[in-house]
Amino acid sequence: ILSLLRHLGVQAGPSSGLHMHVNAVGNAPGDKLSLRGVVHIWAAWAKYQLVIDEMLSPNRLGNRWTRRLLVSDKCSPIYDEDSGKELTDCNDSPCPCIQSAFREMHAILKGGDLEDMSEMAFCNRVLARPGSTTPCNDRYPHQRYFGLN
């Protein structure tokens, strides 16, 4: 694809990115990725996030549309400067969102519930956050804006 675009003379600025869709859920033709495969992709992406970062333009790292999957043992709370309230939106405070998603994926795998779970139930359980228990029912939930979503 990239060779064809280059041949056609397509150029992108430094803030542009390329993304692709993998047939994990939906009705596209071909084999679907299993939910276990989705978990494995998330784990591999997090494992190699720093390597992936090296392949990207520096201004693509951590922008609000492609947050990085950096897993941390401890998240420092982030507070709104005006109200002093703790921010829980993944755009403002990605660390707790990442922790929660991986904790839920691990619990699902360990509990053996994966094989009986629908794609929507899996998505909502993994991405649920305070005030947003069914994010996958929304068109643009804040939980989806990571480099991998």
Side-chain angles (χ1 to χ4, degrees), residues 1-2 5 12-28 30-149:
I1 293 173
L2 292 176
L5 292 173
S15 66
S16 299
L18 173 71
H19 75 272
M20 68 178 76
H21 295 252
V22 177
N23 194 19
V25 295
N27 298 321
D31 294 335
K32 285 202 291 190
L33 189 62
S34 69
L35 295 178
R36 184 174 302 279
V38 170
V39 172
H40 290 197
I41 297 265
W42 272 67
W45 192 281
K47 179 179 180 179
Y48 293 106
Q49 180 65 68
L50 297 177
V51 175
I52 293 166
D53 289 353
E54 291 296 318
M55 294 185 268
L56 299 174
S57 174
N59 64 351
R60 297 293 299 168
L61 302 178
N63 74 42
R64 73 175 307 236
W65 307 111
T66 58
R67 297 264 182 229
R68 299 158 78 201
L69 275 182
L70 297 173
V71 180
S72 177
D73 289 339
K74 184 168 170 71
C75 299
S76 299
I78 299 175
Y79 298 97
D80 181 85
E81 292 177 11
D82 298 325
S83 69
K85 290 178 67 174
E86 185 175 351
L87 300 173
T88 59
D89 187 291
C90 295
N91 289 325
D92 301 319
S93 185
C95 183
C97 293
I98 295 167
Q99 279 186 336
S100 175
F102 276 96
R103 189 179 312 111
E104 288 302 318
M105 283 187 278
H106 182 260
I108 292 167
L109 285 176
K110 191 174 179 182
D113 301 332
L114 190 60
E115 310 314 324
D116 298 326
M117 207 173 237
S118 72
E119 289 95 353
M120 187 64 79
F122 173 81
C123 181
N124 281 322
R125 182 165 167 193
V126 168
L127 297 182
R129 295 292 302 141
S132 179
T133 57
T134 56
C136 301
N137 297 352
D138 299 337
R139 184 157 170 84
Y140 299 112
H142 60 89
Q143 294 93 322
R144 74 179 271 195
Y145 294 107
F146 285 91
L148 175 70
N149 60 49

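These figures come from a predicted structure and were not determined experimentally.
Under the rule for a salt bridge (Lys or Arg N to Asp or Glu O under 4.0 Å), the partners of Glu115 that lie at least two apart in sequence or sit in another chain are Arg36. With sequence neighbours left out, Arg129 forms a salt bridge (Lys or Arg N to Asp or Glu O under 4.0 Å) with no residue at all. Residues forming a side-chain contact (heavy atoms from CB on, under 4.5 Å) with Asn124 (at least two apart in sequence, or on another chain): Met120, Thr134, Pro135, Cys136, Asn137. Evaluation of the side-chain contact (heavy atoms from CB on, under 4.5 Å) rule for Ser76 yields no partner, not counting sequence neighbours. Legend: residues meeting side-chain hydrogen bond (donor to acceptor under 3.5 Å, both in side chains) with Asp80, ordered by chain and number and at least two apart, are Ser83. Remark: Ala121 engages Met117, Ser118 in a side-chain contact (heavy atoms from CB on, under 4.5 Å) (not counting sequence neighbours). By the side-chain contact (heavy atoms from CB on, under 4.5 Å) test, Pro58 pairs with no residue at all, sequence neighbours left out. In this structure Asp92 satisfies the salt bridge (Lys or Arg N to Asp or Glu O under 4.0 Å) test with no other residue, sequence neighbours excluded. Remark: Ser93 engages no residue in a side-chain hydrogen bond (donor to acceptor under 3.5 Å, both in side chains) (not counting sequence neighbours).
Distance check: Phe122 CZ to Leu127 CG gives 8.0 Å after rounding to the nearest 0.5 Å. Put simply, CZ on Arg67 and CD on Gln143 are 12.5 Å apart, with the number rounded to the nearest 0.5 Å. A distance of 4.5 Å separates CH2 of Trp45 from CD1 of Ile52, quoted to the nearest 0.5 Å. Considering CD1 of Ile108 and CG of Asp116, their distance stands at 12.0 Å, rounded to 0.5 Å. Here CG of Leu56 is found 7.5 Å from OG1 of Thr66. Values are rounded to the nearest 0.5 Å.
The shortest non-hydrogen separation linking His142 to Cys90 is ND1-N, 2.8 Å. The nearest pair of heavy atoms linking Pro141 to Asp138 is CD-O, 3.5 Å. The shortest non-hydrogen separation linking Pro130 to Thr88 is O-OG1, 4.4 Å.
Residue His106 qualifies as open at atom NE2: its count of foreign heavy atoms under 6.0 Å is 12 or below.
Judged purely by atom type and a 3.5 angstrom limit, Glu86 has no side-chain atom pairing as donor or acceptor with the backbone of Pro77. Put simply, the side chain of Gln49 never gets that close to the backbone of Leu70: no donor and acceptor are under 3.5 Å apart.
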Using distance only, find each side-chain donor-acceptor pair of residues 95-105 under 3.5 Å and give its atom names and separation, not counting sequence neighbours.
residue, atom, partner, partner atom, Å
Gln99, NE2, Ser72, O, 2.8
Gln99, NE2, Asp73, O, 2.9
Glu104, OE1, Arg125, NE, 2.8

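When side chains are defined from C-beta on, Phe146 counts as touching Pro94, because their heavy atoms get closer than 4.5 Å.
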